[in-house]
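First the structure, in the form of structure tokens, and then the observations on it.
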Amino acid sequence: MHALIAAAFSRVRTVLLTLALVLIAGVYAYAIIPKEAAPEIDIPVFIVNVGYPGISAEDSARLLIEPMERRFQGMPGLRRMSGQAGEGFATMTLEFQAGFDQQTALQNVRDEAANTQPNLPDGAGELRVSEIDLSLFPILTVALSGAVPERELIRIARDLQRRIESVSGILEANLRGDRADLLEIVINPLAMQSYGISSSEIMQAVRANNQLVAAGAFDTGDGRIGVSIPGTIQTIGDVLTMPVRVSNGTVVRVQDVAQVRQTYQDATSFARIDGQPTIGLDISKMAGANVIDAVAAVQAAVALARADWGDAIQVNYLQNQAEDIQSLLSDLENNVIAAVLLVMLTMLLALGLRASLLISVAIPGAFLGGILMLFLLGATMNIVVLFGLILVIGMLVDGAIVVVERAERLQAEGMQRKQAFLDAAQRMAWPIAASTATTLAVFVPLLFWPGTAGQFMYYLPLTVIVTLGASLVMALIFVPVIGTLFSGGGMPLTPAVERTQPGVYDSTLRYMVARPGFAMGLSVLCLLLSFAVYGALGRGFDFFPSVEPERAQVQVQADGNLSVHEADRLMRMVENRIIGTTGVESAYSRTIGSVEERLRSNLAPNVIGTIQIDFTDWRIRPTASAIIETIRAQTGDLPGIGVQVEEQVAGPGAARPVQIEISSDNRELLPAAAARLQALMADQGTFVDVSSDVPVPAPEIRLRVDREQAARHGVDINTLGTAVQLLTTGVTLGTYLPDHADDEVDIRLRYPAE
């Protein structure tokens, strides 16, 4: 250590050049380091989805969930497995043990999903495996609204989606609130009966004339000529003129027995912003992209596209993570500036101007050096790193103060400036290193914190370690070397003032030194007393302290087999109570009519919609808790509706404080047990927003088929099922790719709704 310090003092220019390079590189790293709200961590949870249109929830549990459970339960590292079955779909959630290799687990799930596919019934869709990736969570939601037709709003939203997805750093922009295109063939029952044509003939005609035929090629010896047979549907006219039957030279076309129209699929959800119909684009960034730059680029793309829309379209930005990150960065910069000024002022009063300037150099030097190391290690500037940087502000100057104060005193005693700083740095090297090491020893074990929480908090000890390491180098190398460049003497030595009686501190210190056993016993007593006092007066433990949130979410619950339009009417009732509440800046509402979509959004099956509330600036509004209580009071008297309000939660997870799971071999016992548990929690009077994911029985129509009579009439189960589908959702006959669409559009045959 002494030799290293002496070598630095003998190469002053090299040290100063190195410091300049570190500062410049640190500023550059601070400018380009990826900035994001939460660190990107691996969450060992995978979701497997499979669809089977029209299947009942009971059949889904028996035919889809159970085969998947048998295949997945033997996978290595699997910690927990849960399945959810609903009408037309099934979902499996697989949670692996913390620390299990993410890619290995993902590949195992995909392999088992491929092996499970043959065990599923014919008609089931392909098993889709997805992982929970925090980097895919939206960094911004662009909400488009206005008094324009739905088709025009969807066209504008899709055009904006293509623009945004071409922006550098943006992974995808998912549309919310739009409807997929559909080519619908609506049967005319009277015309079909007049021509004596059945629905199966129409289905067969469309399917047979919408085929991609690979006809091959002729080899003439002089060349090769390809042969093509255009057989796919490209326009609506191809469907209208498609022949269904030829009778006595007369051709009956589709247009003679049905109406063909380009429309949208039936609505399964609605979205509004402050009560106005809207289409939202949830924007996700690429891994490692800078959130601030990505959001700025998206806003620039929206501003460019908005010039062609007119004044009828309004744009709102929701859940803007860039604003949160910029606020944290601003707080960090303000804290650094304030710390430098306070250190300079304190040292100016105690040691003089030169010492205060020297010591103040240690703070930005250690910060920029630490940020440079984080950048080289591949870390991002996220909320945990920012907390770590703010945490170490007060610890960065300890070593520099000791070295500079020692050098100033040696100069005051007559030692040369360079020798004084060299002697101070060498003399204090091991004490300062030992002091820094004891601080780092507290944080080093946190680097090996297991589990998801450990991955999230890993950046805190890493930030503290690299920043304090940089402060150690600043205190022992750079600050003393810079000190040799300043002229002037040290602080004057003042003669000691003789005291007739020792002070309180001196007396206490002399007493404790003379009685080490008593001092040790008193220390142990104070330690035990502190535990006892906290146990009696403390307010418990929180993994993450509660902070003033910027937003909240309202979940609206309603029982019954509601249509999406009925659910939307209930959502409007809640919206009208919330809009205009003091402290609420905007309310982004989504009506979710599909149980499958609710489960994908991690919502209970009886949640018919959510309202995302953005609060106004915390400086000019009531507290979030007061606003939430007001919302609960305003919506508590709505009949038949349950309203739950959850504020924004910081940390690696947003799970509820209390979660209770009930299991049984007999599924019929679960609803009663869950209802009893909810009643017990309600009697306690200390629980709010209690929810249950117990499925509520929904009314359904069951057709019991007399198979013997059906066989006499030449009808089987498949024919009956197809006939019912024509009355409900329709029968999908295939797809085609029109010019106005980016993806293939379904062709669906159905009877008219009336």
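Residues take their numbers from the sequence shown, with the count starting at 1.
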Does the pair R572/D568 count as a salt bridge with the N-to-O cut at 4.0 Å? yes
Is Y28 atom OH crowded by more than 12 heavy atoms from other residues, nucleotides or ligands, each under 6.0 Å away? no
Worked check of side-chain hydrogen bond (donor to acceptor under 3.5 Å, both in side chains) between T141 and D282: CA-CA 5 Å; T141 296; D282 292 339; 2.9 Å; yes
Is it true that T380 and E36 share a donor-acceptor pair across their side chains at a distance under 3.5 Å? yes
Taking side chain as C-beta onward, heavy atoms only, is R207 less than 4.5 Å from I747? no
Has the side chain of S563 got a donor or acceptor atom that lies under 3.5 Å from a matching backbone atom of E566? yes
Do you know which two heavy atoms are closest between Y459 and A379, and how far apart they sit? CE2-CB, 3.9 Å
Taking C-beta and beyond as the side chain, do E165 and L171 meet within less than 4.5 Å on heavy atoms? no
Where the side chain of N606 meets the backbone of Q557, is there a donor-acceptor pair that is under 3.5 Å apart? no
Do we see a donor-acceptor contact under 3.5 Å between the side chains of D746 and T732? no
Quick one, I611 and M571 - any side-chain contact, counting heavy atoms below 4.5 Å? yes
Rounded to the nearest 0.5 Å, how far does OG1 of T116 lie from CE of M92? 9.0 Å
How about P738 and T235: do any of their side-chain heavy atoms sit closer than 4.5 Å? no
Hey, is R79 close enough to E95 for a salt bridge, meaning N to O under 4.0 Å? yes
Hey, does S269 have a side-chain heavy atom less than 4.5 Å from the side chain of T591? no
So L182 and Y264, do their side chains get closer than 4.5 Å, heavy atoms only? no
Okay, side chain of E550, backbone of F615: is any donor-acceptor separation there less than 3.5 Å? no
Distance check, rounded to the nearest 0.5 Å: Q299 atom CD versus I164 atom CD1? 10.0 Å
Interatomic distance, T268 atom OG1 to I592 atom CD1 [nearest 0.5 angstrom]: 9.5 Å
Is a side-chain N or O of Y52 found less than 3.5 angstrom from the main chain of D122, in a donor-acceptor match? yes
Any donor and acceptor pair, going by atom type alone, linking the side chain of Q102 with main-chain N or O of I43 inside 3.5 Å? yes
Do other residues, nucleotides or ligands put more than 12 heavy atoms under 6.0 Å from the OH atom of Y458? no
Under 4.0 Å between a side-chain nitrogen and a carboxylate oxygen: does that hold for D159 and R163? yes
Return the OG to CD distance between S82 and E661, rounded to the nearest 0.5 Å. 7.5 Å
Between the CD1 atom in I170 and the CE atom in M286, the distance rounded to the nearest 0.5 Å is 8.0 Å
Any side-chain donor-acceptor pair under 3.5 Å between T735 and E744? yes
Sub-3.5 Å donor-acceptor pair from the side chain of R590 to the main-chain atoms of G609, do we have one? no
T91 and N49 side chains, donor-acceptor separation under 3.5 Å: yes
Atom NZ in K35, atom CD1 in I33: separation rounded to 0.5 Å? 7.0 Å
L183 and R748, any side-chain heavy atoms less than 4.5 Å apart: no
Salt bridge (charged side-chain N to carboxylate O under 4.0 Å, His left out): pairs with one or both residues in residues 105-120, sequence neighbours excluded: R71-E112
Heavy-atom donor-acceptor pair, R179 side chain to Q265 backbone, under 3.5 Å: yes
In terms of side-chain geometry, is the basic nitrogen of R158 or D181 positioned less than 4.0 Å from the acidic oxygen of its partner? yes
Would you say the side-chain atoms of E575 and S589 include a donor-acceptor pair closer than 3.5 Å? yes
Distance-only donor-acceptor check, side chains Q555 and Q553, under 3.5 Å: yes
